[in-house]
Amino acid sequence: MDREVAPSSEPKTTDLENVRVIEWEDFEQELARLWSLSSAVKEANEKKQSLQQKLEALIQVDVESLDRFNELEEMRQKLEARKMVMEKRSMNSKLAKGDARKQEEQLSDEVRSLLVAGTNLSVARKRLQESNRLLLEEEEYIRLRDSQKMLRMRQQYMISQISMLYSVKIMVGPAQEQELEAFPSGSQAGGSSVGLNPVQQRSLTILGLPVTMVPFKKMSFFTDKKEVQKAATAMGYVAHAVSLIGSYMQVPLRYPLRLGGSHSYIIDSAPSIELASTDPSASTDANTKRVEFPLFLDGQDTTRAAYAVFLLNKDLEQLLNFIGVKSLGPCHVLANLRELLRTIQSWDYIDM
């Protein structure tokens, strides 16, 4: 801080020189003049202060105006810069639009060429798909044919096991039997049926047991019980063989079997009223009207048993028709079974 300088008590020479001596007569006049001058100075100071305030206000307005002008100038410069940028962009946009138009024309030409090429490609693709489809069908056919051959070979093996389990032979004499392969068969697959003569048909046996319809037609008090039991056992063998063959051939039998050895049953889903009402103890289903018919005569009605044998032969006929062989007739159960086993085990069955 600046130190204040104490006023000197000694009068300066300049002040002394400026000292004016006033006469007493002129003192009042000078005093009035000084008073008026003092009032004028005061009024001038007031005007000065008022003018200073106005000038300060004007200066403030000018400063604000200058600031706004500077801001406007800056905004104008920015606007000019943006305008130049927009003009450049507009020029670039025009140039790009021209280039885009040229490219559009080129693309339209290329699109037309692509459409032509696409049409040609579509035609070629359809031809290729058709060729692939034919090739796949041929390959699928070959694969299915090979699978079918393998399946039929497997079926042949399974049927050969059934043929060994339930061998059907021809009784030539009182103590001589020959296997079914030893004699020529009747019918070929899809061909005509030659058949066996009546003597050979009556001489067929399954596991040494003949299947005869005599007990089923002429049951009396004097009928041999052993013959009836043998016929029932033979029917049980045939029923089991037919059930196995239908399972291995994947053929649902029209008349299903309920196996029980010599006391087996065959089921008819729509029997006649007379046959269904002959035996009150027959097993029936009220919803599906399924009736079981016995393949034996032990305490059974002969008509129902004969009808059961007829239905069993119908199952054999269904299996024969499935492999394209005609049935030998409604009364030839073992002959039809023999023909079925022989046809399936032949070489023609694989390529059938």
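Atoms considered below: every heavy atom in the structure, side chains included; atoms not considered: hydrogens, waters and symmetry mates.
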Notebook entry, point to check: Does L66 reach the side chain of N70, with side-chain heavy atoms less than 4.5 Å apart?
Noted result: yes
Next item on the list: Would you check if the side chain of Q318 reaches a backbone N or O of P252 as a donor-acceptor pair within less than 3.5 Å?
Entry: yes
Check: Is a side-chain N or O of E339 found less than 3.5 angstrom from the main chain of L328, in a donor-acceptor match?
Finding: no
Check: Okay, side chain of S243, backbone of H240: is any donor-acceptor separation there less than 3.5 Å?
Finding: no
Item checked: From CA spacing to verdict: side-chain contact (heavy atoms from CB on, under 4.5 Å), S346, R342 -> CA-CA 6 Å; S346 66; R342 188 210 61 79; 4.3 Å; yes
Check: Can you check side-chain contact (heavy atoms from CB on, under 4.5 Å) on I170 and R338, steps first, answer last?
Finding: CA-CA 10 Å; I170 299 176; R338 173 182 179 274; 4.1 Å; yes
Next item on the list: Mind telling me whether F296 and H263 have parallel, tilted or perpendicular rings, with 30° and 60° as the class edges?
Entry: tilted
Next item on the list: Let me see the working for R112 and V116 under side-chain contact (heavy atoms from CB on, under 4.5 Å), right down to the final yes or no.
Entry: CA-CA 6 Å; R112 282 193 292 269; V116 175; 5.7 Å; no
Next item on the list: Mark yes when over 12 heavy atoms from residues, nucleotides or ligands other than E137 sit less than 6.0 Å from its CD; otherwise mark no.
Entry: yes
Check: Any donor and acceptor pair, going by atom type alone, linking the side chain of S113 with main-chain N or O of E110 inside 3.5 Å?
Finding: yes
Next item on the list: Show your reasoning for whether side-chain contact (heavy atoms from CB on, under 4.5 Å) applies to L312 and V238.
Entry: CA-CA 9 Å; L312 180 62; V238 175; 3.7 Å; yes
Checklist line | Aromatic plane relationship, Y166 with Y237 - under 30° parallel, 30 to 60° tilted, over 60° perpendicular | finding: tilted
